[in-house]
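Since the structure is predicted, the reported quantities are computational estimates derived from the model, not experimental observations.
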Amino acid sequence: KQQDAWNRGDIAEFCAPYSDDCIFLSPTGVTRGRLVLQERYLKKYGAAKETMGQLLFEVLDTRETALMVTLAMRWSLSWQSSRADKAPASGLTLISWQRQTSGWRLVQDASM
């Protein structure tokens, strides 16, 4: 669902599964909180399908317990030929989902 939301240009929907107190780790630093993370994405990618590119996740490993699911994934981001100034990007991410009273929430995201 997150991949589809990103590819539609919908950052709010992409960020909706994150918990309010999530932590996001990247080479540029630490971001805490869903709304702060959403603003980070808006600033970096804009809020349009054309500026956000096409996101693809490849699941490499899944670990599950009754209360947690952790996914190790490869991500890739590409832009249409009209955005020749943007080179494709790719990396790895490790995300943790936690079962909460409100349902499953993404609580940790470490993306490199």
Side-chain angles (χ1 to χ4, degrees):
K1 288 182 180 181
Q2 279 187 292
Q3 178 179 291
D4 292 341
W6 185 275
N7 292 335
R8 285 192 314 273
D10 190 344
I11 286 180
E13 186 67 23
F14 177 83
C15 291
Y18 283 91
S19 66
D20 288 341
D21 65 346
C22 69
I23 184 168
F24 177 81
L25 308 173
S26 73
T28 59
V30 177
T31 303
R32 292 182 182 274
R34 181 180 53 80
L35 294 177
V36 177
L37 179 60
Q38 185 172 320
E39 286 300 315
R40 178 189 183 280
Y41 279 126
L42 282 169
K43 183 178 178 182
K44 185 170 183 174
Y45 295 102
K49 185 177 178 177
E50 299 75 27
T51 61
M52 292 172 60
Q54 289 293 299
L55 178 64
L56 178 65
F57 288 123
E58 173 191 356
V59 177
L60 304 173
D61 187 57
T62 303
R63 308 283 172 112
E64 296 181 49
T65 70
L67 298 176
M68 295 286 293
V69 174
T70 301
L71 299 170
M73 299 186 294
R74 182 177 315 282
W75 59 268
S76 61
L77 193 55
S78 61
W79 286 265
Q80 295 185 9
S81 59
S82 62
R83 295 287 321 251
D85 60 321
K86 296 286 280 185
S90 64
L92 299 171
T93 188
L94 182 65
I95 61 173
S96 298
W97 292 82
Q98 183 180 57
R99 183 178 295 202
Q100 299 181 350
T101 55
S102 59
W104 286 94
R105 293 287 174 225
L106 206 165
V107 294
Q108 296 174 319
D109 183 338
S111 294
M112 309 329 132

Could you state the interatomic distance from [atom1] ([X]) to [atom2] ([Y]), rounded to the nearest 0.5 Å?
X	Y	atom1	atom2	result
K86	T51	NZ	OG1	8.5 Å
L71	R63	CG	CZ	11.0 Å
R99	R105	CZ	CZ	13.0 Å
R34	C15	CZ	SG	8.0 Å
M68	Q108	CE	CD	6.0 Å

Quick one: do [X] and [Y] end up in the same hydrophobic cluster if we chain Ile, Leu, Val, Met, Phe, Trp and Tyr together by side-chain heavy atoms under 4.5 Å apart?
X	Y	value
I23	M73	no
L94	V69	no
V30	I95	no
Y18	V107	no
L55	Y41	yes

Would you mind telling me which of F57, W75, F14 makes a side-chain contact (heavy atoms from CB on, under 4.5 Å) with Q3?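 Running side-chain contact (heavy atoms from CB on, under 4.5 Å) over F57, W75, F14 with Q3 returns exactly one hit, F57.
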Which pair of heavy atoms, one from [X] and one from [Y], lies closest together, and at what distance?
X	Y	result
W104	L67	CZ3-O, 3.7 Å
I11	G46	CD1-O, 3.0 Å
G53	N7	O-OD1, 3.7 Å
S111	D109	OG-OD1, 2.6 Å
M52	W6	O-NE1, 3.0 Å
K49	Q54	CE-NE2, 4.1 Å

Can you check side chain to side chain contact (heavy atoms under 4.5 Å, CB included) on L60 and L92, steps first, answer last? CA-CA 10 Å; L60 304 173; L92 299 171; 4.0 Å; yes
Quick one: do F24 and V36 satisfy side chain to side chain contact (heavy atoms under 4.5 Å, CB included)? Show the steps, please. CA-CA 10 Å; F24 177 81; V36 177; over 6 Å; no
Between the main-chain N or O of T70 and the side-chain N or O of S96, is there a donor-acceptor pair closer than 3.5 Å?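 The answer is no, because no donor-acceptor pair under 3.5 Å joins these two groups.
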Residues Q100, S19; criterion side chain to side chain contact (heavy atoms under 4.5 Å, CB included); working and verdict: CA-CA 9 Å; Q100 299 181 350; S19 66; 4.2 Å; yes
Modelled atom types, side-chain donor and acceptor of S76 and S90, under 3.5 Å: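 The criterion, which ignores hydrogens and geometry beyond distance, is not satisfied for S90 and S76.
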Hey, mind stepping through T28 and R40 against side chain to side chain contact (heavy atoms under 4.5 Å, CB included) and telling me if it holds? CA-CA 11 Å; T28 59; R40 178 189 183 280; 3.3 Å; yes
Could I get the full list of side chain to side chain contact (heavy atoms under 4.5 Å, CB included) partners for A12, not counting sequence neighbours?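 Side chain to side chain contact (heavy atoms under 4.5 Å, CB included) check on A12 returns D10, Q38.
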State which residues pass side chain to side chain contact (heavy atoms under 4.5 Å, CB included) with A110; sequence neighbours excluded, sorted by chain then number.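 By the side chain to side chain contact (heavy atoms under 4.5 Å, CB included) rule, A110 matches L25, M112.
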